[in-house]
Amino acid sequence: MDAHMLTRRGFLRTVGLGAAAVAMPGLVFAGSSPGKKPNFIIIFCDDLGYGDLGCFGSKKHRTPNIDRMAHEGMRLTSFYVTSGVCTPSRASLMTGCYPRRVNMHQNTSGECVLFPVAKKGLNPDEVTIAEVLKKRGYATACIGKWHLGDQPAFLPTRQGFDYYFGIPYSNDMGGGQRGKNPPLPLVRNEKVIEAPANQNTLTKRYTEEAVKFITLNKDKPFLLYLPHAMPHNPVHASEKFRGKSANGGYGDAVEEIDWSTGEILAALRKLGIDERTLVLFTSDNGAASRWGGSNTPLSGWKGSTMEGGMREPCVVRWPGAIPAGATCDELSCTMDLPPTFARLAGAGPPGDRIIDGKDIWPLLSGRAGAKSPHEAFYYYQMDQLQAVRSGKWKLHLPLAMKKRNWGKGTPNTPLRLYDVKADIGETTDVAAVHPDVVKRLLALAETAREDLGDTNRQGKHQRPAGLVVTPKPLVLSSK
Ligand SMILES: [Ca+2]
């Protein structure tokens, strides 16, 4: 029996579940049958900010279901995505790698995300978390926004998902955005079933699809990836929620997502699979500056390498396995989910390539004294390395031209060092009093440049994205 197992037993005893605990190799879970693999549900919002949930301090939005989920599980307060925008962030969640590792940090025109009829997509040779789990007998579904390539070769159905229902890219990328865009397609598997998609009922329909998938697969292990279209602008909500919040359409969309989360948790309870299902709720990047979202108490917005762009509210729940009412402030990120889930399913991450994510089960299971497995975390904006965090320290690198996702960059940005534990809002530069820390973090940044690259510099260990020569629009098929 290893030390980890002893710790788990200790925890289970403290919550009175010791008798229900059943051993798996190296792990102990309450309520599981021997050999039963846990289910995984990832609820992934679009552009939801750090301060947008009641359990993360929002006074505007009513989120009782997510708040209860936090009460019954764990809040991760230093949980990161790898980019302030959609496509790169999602590439990391699926692969466990930095966007630059898999070349999904920008599109073929140098823009920060993929646009409709994109040549680029996540390389089919990359091994997604869905592919890892599918090999272990999991049923897999992606219900929601994909944004890792809109050509057939790049759709979720080609990346390990048995089932797909959703929009292939952002909800503002319909025909009105750029003249050549097709009407916003709603896709089932690989077929467009509605265009333009009726966005008012998207959250409702995603929820119905999710509950149906869970119900159908209640006796199997399953992975449900639920990347909501909301609250990305233009915000929409169904009639029951429209005009009901204290924060306009944005609040309506957030409150409908809270309802949706409640429906999913209720389904798990009803089906009796609550205690073998890990549910994780987070967002793909921070709130944007203009649509009503909040990143309080963080500074910065979506699309930046300030904490507000890349640190997300995160709640994880698994009764009996993840301690209830807990908070973990150790650094973790979306890249950690593929290796962690793989391990819990009795598999490993792919062994033939570099995976940047680490197993964070010691953090999630509340092991005493567990520390972040990351010596450093790197903040990239498209191809440019802009900041590095190690422990409580975050260093913004001095840049001759700090890139922005849109428009002109900012010239001559100075080096700044923040203690993001004591100064979460990045307000007080302490570089002058900690030259040793600055030196250490500059060296870590150079390690990242060597490995992953930087502007005008190729990294030694980058892998190619997928490319198609003549992409075609996703449109309703002719009868
Ligand atoms: Ca987003």
Side-chain angles (χ1 to χ4, degrees), residues 42-53 56 61 79-95 98-99 102 104-107 111-116 118 120-122 142-150 156 166-174 177 181 184 197 199 202-203 206 225-237 249-251 253-254 256-257 260 280-295 298 300-314 333-335 337 379-382 403-406:
I42 304 170
I43 303 171
F44 208 55
C45 297
D46 197 348
D47 293 11
L48 182 83
Y50 193 80
D52 275 335
L53 302 175
F56 274 77
H61 303 145
F79 187 80
Y80 289 86
V81 291
T82 57
S83 166
V85 288
C86 302
T87 297
S89 169
R90 286 148 200 265
S92 292
L93 175 65
M94 285 296 107
T95 62
Y98 279 105
V102 294
M104 292 297 285
H105 55 286
Q106 51 196 167
N107 74 3
E111 294 170 299
C112 64
V113 293
L114 298 181
F115 283 88
K120 206 180 214 187
L122 181 65
C142 171
I143 295 170
K145 167 174 149 180
W146 178 238
H147 218 172
L148 292 172
D150 65 346
I167 56 173
Y169 34 70
S170 297
N171 64 326
D172 63 345
M173 292 180 170
Q177 185 195 50
N181 289 2
L184 184 68
Q199 294 202 44
L202 266 188
T203 301
Y206 286 174
Y225 172 41
L226 177 56
H228 282 291
M230 299 295 138
H232 189 289
N233 186 71
V235 282
H236 288 79
Y250 187 92
V254 172
E256 188 164 20
I257 286 173
S260 168
L280 183 140
F281 182 102
T282 192
S283 176
D284 74 330
N285 51 251
S289 59
R290 357 179 227 165
W291 312 116
S294 164
N295 299 318
L298 310 178
W301 299 100
K302 169 184 181 176
S304 86
T305 49
M306 294 296 281
E307 294 294 279
M310 292 173 62
R311 197 198 284 216
E312 305 310 321
C314 183
C333 62
T334 45
M335 296 188 293
L337 301 181
Y379 303 68
Y380 276 90
Q381 180 104 332
M382 296 186 286
K403 287 197 173 186
R404 294 172 59 191
N405 288 322
W406 310 109

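Whatever order the structure lists ligands and atoms in, that order sets their numbers, starting from 1.
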Worksheet item: After noting the C-alpha distance and the side-chain angles of Tyr206 and Ile167, does the key distance pass the side-chain contact (heavy atoms from CB on, under 4.5 Å) rule?
Response: CA-CA 11 Å; Tyr206 286 174; Ile167 56 173; 3.7 Å; yes

Worksheet item: From Thr334 OG1 over to Phe79 CZ, what is the distance, rounded to the nearest 0.5 angstrom?
Response: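 One gets 5.5 Å once the value is rounded to the nearest 0.5 Å.
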
Worksheet item: What protein N/O/S atoms sit under 3.0 Å from the Ca ion (ligand 1), by chain and number?
Response: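 Less than 3.0 Å away from the Ca ion (ligand 1) sit Asp46 OD1, Asp47 OD1, Cys86 SG, Asp284 OD1, Asp284 OD2, Asn285 OD1.
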
Discussion item. Is it the case that the ring center of Tyr250 lies less than 6.0 angstrom away from the ring center of His61?
Written reply: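 Under 6.0 Å, so yes.
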
Fill in: is_close_aromatic(Tyr50, Phe56), centroid dist under 6.0 Å
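When the ring centroids of Tyr50 and Phe56 are compared, they turn out to be within the sub-6.0 Å range.
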
Item to complete: Answer yes or no: is there a donor N or O on one side and an acceptor on the other, between the side chain of Asp47 and the main chain of Asn285, under 3.5 Å?
Response: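 Looks like no, no N/O pair under 3.5 Å.
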
Worksheet item: For Glu256, which residues count as a salt bridge (charged side-chain N to carboxylate O under 4.0 Å, His left out) partner, sequence neighbours excluded?
Response: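 Here no residue qualifies.
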
